[in-house]
Amino acid sequence: GSSRTGATDASSPEPGTGEQVIAAHPNQEFGDDPLAVRDTDHYTHEYVKGFVEKWDDLIDWKKRYESEGRFFIDLLKSRGVKSVLDAATGTGFHSVRLLEEGFETVSVDGSADMLAKAFENGQSYGGHILRTVHADWRWLNRDVHGEYDAIICLGNSFTHLFSERDRRKTLAEFYAMLKHDGILIIDQRNYDSILDNGFSTKHTYYYCGDEVTAEPEYLDDGLARFRYSFPDKSQYHLNMFPLRKDYVRRLLREVGFQRIDTYGDFQDSYSDDEPDFFVHVAEKH
Ligand code: SAM
């Protein structure tokens, strides 16, 4: 990827080496032309400390807990899942939830800042000790060992991969780390609706805290740039790839998953324009 225009920090190791210095990137860096930043490696420059600290205001845990209910827990339990790899741990919401419910959980993220925050959250929400691994999905097998009953990649995280090659590589790594009858759960924002119909305000506050707004600032077929505004007037951005639902389903099938069920806002019947989020459940056998 040559599209990164921000100043790069040559002293920080690439993600996945497991040695990245915490808080290596204090400020977000998008350079002179933020719309040209369409690069999978850029996520570590986006989830900087200031943003990570605010992330849990953005994603109000209590509200999220209520809106999500037992969807993922019931799904995993109904399939006899015992071990779960949380591939996109972030600040740890799902890892903590899984530990609470007794799942054997390993928590992965490519951002050391996120893992540090998740570890802290694990301790404050119930005294859990998270088993964290700093790894990039594209080289997951190098850093994480063993096979899992389920892998989850939630919170619209897969959207950070900007090339099809990276998406295929990631899905191949996930596939390889599942047991023969394992399942992969990936969610995504409903980009089809935004690309085709524009962005409705109904979507603006989804999964946010009361005083935080998440709005698309720019959108084309290859980039969805969102702006997150906080009560203290600080603003952060994320550059994401607008994944179409059927494209993700096709990729999942093509890397070998046998059956893919897609839910819309946690329901199995929905009209395509309605949901804010889709959840794909892919079965290996
Ligand atoms: N799952 C959490 C949640 O729902 O609150 C976090 C979601 S956050 C939007 C996306 C996370 O994915 C970030 O913590 C980011 O560091 C991580 N991430 C993005 N691309 C990654 C990659 N290629 N390898 C590993 N982690 C990645």
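Numbering of ligands and ligand atoms starts at 1, following listing order. Values in this document were obtained by computation on a predicted structure and should not be read as measured data.
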Seminar exercise, completed: Here the gap from Thr262 atom OG1 to Tyr270 atom OH, rounded to the nearest 0.5 Å, amounts to 5.0 Å
Problem set entry | Under-4.0 Å salt bridge between Arg259 and Asp261 | yes
Problem set entry | Side-chain heavy atoms of Phe162 within contact of Asn239, under 4.5 Å | yes
Problem set entry | Tyr65 six-ring centre to Arg97 NZ/CZ under 6.0 Å and within 45° of normal | yes
Exercise. Is the closest side-chain donor-acceptor distance between Glu164 and Tyr247 under 3.5 Å?
Worked result: yes
Problem set entry | CA sep, side-chain torsions, deciding dist, call: Glu283, Leu252, side chain to side chain contact (heavy atoms under 4.5 Å, CB included) | CA-CA 9 Å; Glu283 295 178 9; Leu252 286 164; over 6 Å; no
Exercise. Taking the six-membered ring of Phe241, is the NZ or CZ of Arg167 close enough (under 6.0 Å from the centre) and on axis enough (within 45°)?
Worked result: yes
For this session: Please verify whether a non-hydrogen atom of Asp86 lies at under 4.0 Å from ligand 1.
Result: no
Exercise. Any nitrogen or oxygen of Ala88, main chain or side chain, under 3.5 Å from a nitrogen or oxygen of ligand 1?
Worked result: yes
Problem set entry | Under 4.0 Å to a heavy atom of Leu154 - the qualifying atoms of ligand 1, by number | 1 (N), 2 (C), 4 (O), 7 (C)
For this session: Output the list of atoms in ligand 1 that are nearer than 4.0 Å to some heavy atom of Gly110, sorted by atom number.
Result: 25 (C), 26 (N)
Exercise. Heavy atoms only: which of His42, His94, Arg64 is nearest to atom 3 (C) of ligand 1?
Worked result: Arg64
Exercise. Is Thr40 close to ligand 1, meaning an N/O of one under 3.5 Å from an N/O of the other?
Worked result: no
Exercise. Which atoms of ligand 1 have any heavy atom of Ser111 under 4.0 Å away?
Worked result: 16 (O)
For this session: Pick whichever of Trp137, Trp139, Phe162 has a heavy atom sitting closest to atom 24 (N) of ligand 1.
Result: Trp137
Exercise. Does a side chain donor of either Ser157 or Tyr43 reach within less than 3.5 Å of an acceptor in the other side chain?
Worked result: no
Exercise. Which of the atoms in ligand 1, numbered in the order shown and given with their element, are less than 4.0 Å from a heavy-atom of Gly155?
Worked result: 4 (O), 7 (C), 9 (C)
Exercise. If you measure from each heavy atom of Phe93 to ligand 1, is any distance below 4.0 Å?
Worked result: no
Exercise. Taking the six-membered ring for Trp, are the ring centroids of Tyr263 and Phe71 within less than 6.0 Å of each other?
Worked result: yes
For this session: Counting heavy atoms only, name the option from Ser157, Ser95, Gly90 that's nearest to atom 7 (C) of ligand 1.
Result: Ser157
Exercise. Roughly how far, to the nearest 0.5 Å, is the CG atom of Leu219 from the CG atom of Leu195?
Worked result: 5.0 Å
Exercise. Hey, looking at atom 14 (O) of ligand 1, which of Asp109, Leu115, Thr170 has the closest heavy atom?
Worked result: Asp109
For this session: Please verify whether a non-hydrogen atom of Cys153 lies at under 4.0 Å from ligand 1.
Result: no
Exercise. Under 3.5 Å between some N or O of ligand 1 and some N or O of Met114?
Worked result: no
For this session: Return yes or no for this condition: an N or O of Ala87 is under 3.5 Å from an N or O of ligand 1.
Result: no
Problem set entry | Within-shell test, Lys169 vs ligand 1, heavy atom, strictly < 4.0 Å | no
